[in-house]
Amino acid sequence: MAFRNRPVLDRKHRPRWQDELRTQQLLVVGFALAIAVAVGIFAANAWNDFYQGNLKQSAVVGSVSVQRETINKRISIMAAELQAKAADLSNIADGVKGNAIQQQLQALQQAFQQVSDSGADSVVTGVTLAQRASELGLSAPPAAVDAEYAKRTTIPERRELSLIVAAPTKDKGASELTDKNWADAKKRIDDLKAQLDAGGDFAALARDKSDDPSKSKDGVLGWIEDGDAQYGAYYADAAKADVGAVIGPKRNDTGWYLLKVQDIRPAHANTTLAQILTSSGVTDDDYRAYVREQVLQDQFRDYFNKNVVTLFEPQRKVSQIKVDLDTSVAGPKVHIRHLLVAPLPGKQDQSKATPAQWKAALAKAQELRREAIKPNANWDVLAQQSDDPGTKDRGGSLGWADLGTLDKQFVPEFANAVIRLDTGEISKPVKSSFGYHIIQVTDRRTSAQTFAEQEAAKLQKHPDTFADEARRISDDKPTAADGGSLGWVLHYQLDNDLDRAIFNLQKPGDVSDAVATRSGIFIFKLEGTTDHRYATKKQRDTVKSTGFVRWVQALKDEAGIWLDAEFLPSNPNTTPA
């Protein structure tokens, strides 16, 4: 049998169902392609999110690369500690300690807002110290790590204490307390103790009879723990007493006192911290590693205090000029100083002064001007005769004023006189409602930075004028009065930028460039140098209290730090966490 080819129907004669089938097939293929594209985009976005949140390089310390995940985990740990601390403090914010606790809570809130920056800095600091530890023979002993871990994960025992104080009172006109004064106070506290033994109410007696500020809270101090900075001695007195027990009478520098144990909360695990850490994906090993890092940092602090801050140190004797930062938008400013002679010295209102008193004030002002216009006139000395209490100890300085708003800063007569003065010119006596003013415009500028740079350049050419310039323009009045003398300076006594500027000066007479900081712009002159000079106790105590952060920052600078812009700290001299 012969077979014919199957006829092919053209589009016009095809059954309708075939067209519908073809349309459905095309829709299915298109939908499948769309799903594939969407899945691809989602996968790409998911990978990018994972990379950015975990694998992205966010810091480099020397040769060590730090991933974003490490910083994220540190931020989570530090945030958890802040939250747990806040929750704990909120539970004990009663008694007279309540106000202090509220301040602590505000500080914790501020720290929480900066936890991203501080977390990144904590990681960078930890890596830096770990790199230097073996070189300095430092480590984190396991026993110390265990003790610190236990401390951080445990809420200590606290006792709610109330207080009654009978303070001794000096005799009228006496400068010292006598034995009788103390005996009288003891008699009063014994009487209060007898009333309590007879069933008296501690809160009522505290409110009515106590000489301590806690009387406003019925004598309640609040929840006190061992080592409390303010009330630790009271905790020690009550450490073994039961609830309801009254301790005393006892004596301290304040007077004789009685304590009552209102309640006791035994030491217990900090479950709030544990819960927050767990919910943040932080394991126990993660937290222990963080604690180990903190213990190592404590080892570095001890090393700094014992081996970096020593009895004999390289020191530089320097003078300084400080220029305050602009407090308003850039624009023409004048630096003003004045001497005031009031017809009624010490009085706020001069309107009742007689013509004779005004005449006498004018005569004195004219005499002051004659002294002020003499070559090398000492305004620090002249200002001691001024009747302006706000400037007499600052050489008469009123600081920098915006030239365009003088009328808003000073009375009209004063403002008009300033506008007419040339730089360095000293006015004749200018009468205002305050008295007679002798006014001098000592300098003009458009910006603090430009002014300081120009001054530094001028002083580098003429260093012998440094003391006079310090007296004239420095905004640090205590040193300005002494020609800018800052005395001998140790490493890490000042902020790192200032430290470098000072110790980079080579020989006496050298003047630094202007160094801008958040507290002002500084220019230094080297007066003397030694590599081995005795460091006074005051110097060493200053460096120990503030220098460790600066030393650690110097170690980080030596290591070479790169940090993602997202985590750049707002203040490089903040305490490492």
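The figures here come from the full heavy-atom set of this structure, side chains too, leaving out hydrogens, waters and symmetry mates.
No side-chain donor-acceptor contact under 3.5 Å links Gln315 and Thr530. A donor-acceptor pair shorter than 3.5 Å cannot be found between the side chains of Glu313 and Gln539. Between the side chains of Gln262 and Ser162, at least one donor-acceptor pair of N or O atoms lies under 3.5 Å. Of the N and O atoms on the side chains of Thr178 and Asn181, at least one donor lies less than 3.5 Å from an acceptor on the other residue. In the model, Asp298 has no side-chain atom that pairs as donor or acceptor with a side-chain atom of Gln294 under 3.5 Å. Asp393 and Gln384 share a side-chain donor-acceptor pair at under 3.5 Å. Counted by atom type alone, Asp121 and Ser118 present zero donor-acceptor pairs between their side chains at under 3.5 Å. Side-chain N/O atoms of Arg550 and Thr546 include a donor and acceptor closer than 3.5 Å. Of the N and O atoms on the side chains of Asp476 and Ser474, not one donor lies less than 3.5 Å from an acceptor on the other residue. Of the N and O atoms on the side chains of Asn99 and Gln103, not one donor lies less than 3.5 Å from an acceptor on the other residue. A donor-acceptor pair shorter than 3.5 Å cannot be found between the side chains of Thr529 and Lys317.
At least one side-chain heavy atom of Val96 sits under 4.5 Å from a side-chain heavy atom of Ser214. Tyr287 has its side chain within reach of Thr153: a pair of non-hydrogen atoms, C-beta onward, lies under 4.5 Å apart. At a threshold of 4.5 Å between non-hydrogen side-chain atoms, the residues Leu258 and Ile247 do not count as touching. Side chains of Val309 and His491 form no contact here, defined as non-hydrogen atoms less than 4.5 Å apart. In this structure the side chain of Ile164 reaches within 4.5 angstrom of the side chain of Leu205, judged on heavy atoms. No side-chain heavy atom of Thr128 sits under 4.5 Å from any side-chain heavy atom of Thr125. In this structure the side chain of Asp190 reaches within 4.5 angstrom of the side chain of Pro249, judged on heavy atoms. Looking only at side-chain heavy atoms (C-beta outward), Gln57 and Val66 stay at 4.5 Å or farther from each other.
When atom types are taken as modelled, the side chain of Ser279 and the backbone of Ile276 share a donor-acceptor pair closer than 3.5 angstrom. The backbone N or O of Gly484 lies less than 3.5 Å from no partner atom in the side chain of Asp482, so there is not a single donor-acceptor pair. Between the Ser210 side chain and the Val165 main chain, a donor and an acceptor come within less than 3.5 Å of each other. With hydrogens and angles ignored, the 3.5 Å screen pairs a side-chain donor or acceptor of Asp387 with a backbone N or O of Ala342. Side chain of Asp242 to main chain of Ala245: no donor-acceptor pair is present (N/O by atom type, distance under 3.5 Å, no hydrogens or angles). The closest donor-acceptor contact from the side chain of Asp495 to the backbone of Leu498 lies at 3.5 Å or more, if one exists at all. Judged purely by atom type and a 3.5 angstrom limit, Ser139 has no side-chain atom pairing as donor or acceptor with the backbone of Pro141. In terms of modelled atom types and a separation under 3.5 Å, the side chain of Thr154 and the main chain of Lys151 share no donor-acceptor contact. Remark: side-chain polar atoms of Asp211 are paired, donor with acceptor, to backbone N or O of Ala167 under 3.5 angstrom.
Remark: Lys85 does not engage Glu81 in a salt bridge, criterion side-chain N to carboxylate O under 4.0 Å. Using a cut-off of 4.0 Å between Lys/Arg side-chain N and Asp/Glu carboxylate O, Lys187 and Asp191 are scored as not salt-bridged. Salt bridge present: Arg74 and Glu293 bring a charged side-chain N and a carboxylate O closer than 4.0 Å. Electrostatic pairing of Arg158 and Asp88 counts as a salt bridge here, judged by a charged N lying under 4.0 Å from a carboxylate O. Ion pairing of Glu558 with Arg132 is present here, as a side-chain N (NZ or NE/NH1/NH2) and a carboxylate O approach within less than 4.0 Å. Residues Asp146 and Arg292 are not paired through a salt bridge, judged by the lack of any N-O separation under 4.0 Å between the basic side chain and the carboxylate. Ion pair Lys306/Asp302 not flagged as a salt bridge, since none of the NZ, NE, NH1 or NH2 atoms sits closer than 4.0 Å to an Asp/Glu carboxylate oxygen. Between Asp564 and Lys56, at least one side-chain N (NZ, or NE/NH1/NH2) sits under 4.0 Å from a carboxylate O, which counts as a salt bridge. Asp324 and Lys322 are joined by a salt bridge, as a carboxylate oxygen and a charged side-chain nitrogen come within less than 4.0 angstrom of each other. The pair Asp94-Lys97 fails the salt-bridge criterion, with no side-chain N (NZ, NE, NH1 or NH2) lying under 4.0 Å from an Asp/Glu carboxylate O.
When all heavy atoms of Leu311 and Arg540 are compared, the closest pair comes out as CD2-CZ, 3.5 Å. Looking at every heavy atom in both residues, Gly520 comes nearest to Leu325 through CA-CG, 3.9 Å. Taking each heavy atom of Gly395 and Asp380 in turn, the nearest pair found is CA-OD1, 3.5 Å. Closest of all the heavy-atom pairs between Ala448 and Asp326 is N-OD2, 3.0 Å. Smallest separation of non-hydrogen atoms from Arg471 and Ala481: NE-O, 4.0 Å. Summarising the geometry of Leu563 relative to Ala120, their closest heavy-atom pair is CD1-CB, 4.4 Å, with the distance given to 0.1 Å.
Separating the CG atom in Leu192 from the NZ atom in Lys209 is a distance of 7.5 Å, to the nearest 0.5 Å. Once rounded to the nearest 0.5 Å, the distance linking OH of Tyr235 with CG of Asp228 reads 11.0 Å. One distance of note links OG of Ser116 with CD of Gln113; it measures 12.5 Å at 0.5 Å rounding.
Using the six-membered ring where Trp is involved, Tyr234 and Tyr257 have ring planes that are perpendicular, over 60° apart on the 30 and 60° scheme. Relative orientation of the Phe522 and Phe524 rings is parallel, given thresholds of 30° and 60° on the angle between their planes.
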Step-by-step side-chain contact (heavy atoms from CB on, under 4.5 Å) determination, Gln297 to Leu129: CA-CA 7 Å; Gln297 184 170 296; Leu129 299 187; 4.0 Å; yes
Intermediate values then yes/no, side-chain contact (heavy atoms from CB on, under 4.5 Å), Val515 and Ile521: CA-CA 5 Å; Val515 184; Ile521 307 170; 5.9 Å; no
Residue pair Ser319, Leu486: steps toward the side-chain contact (heavy atoms from CB on, under 4.5 Å) verdict: CA-CA 5 Å; Ser319 295; Leu486 196 61; over 6 Å; no
Check against side-chain contact (heavy atoms from CB on, under 4.5 Å), Val145 and Glu148: CA-CA 5 Å; Val145 175; Glu148 183 65 16; 5.9 Å; no
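Under the 6.0 Å distance and 45° angle rule, Arg159 does not count as a cation-pi partner of Trp223. Trp256 does not carry Arg188 over the face of its six-membered ring by the limits of under 6.0 Å from the centre and within 45° of the normal.
Counted within 6.0 Å of CD on Glu135, heavy atoms from surrounding residues, nucleotides or ligands total more than 12; the atom is thus considered enclosed. Counting heavy-atom neighbours within 6.0 Å of Asn307 CG, excluding the residue itself, gives a total above 12.
Partner of Val318 under the side-chain contact (heavy atoms from CB on, under 4.5 Å) criterion, out of Thr479, Leu494, Val489: Val489 alone.
Between Phe548 and Tyr492, the distance from one ring center to the other does not fall under 6.0 angstrom.
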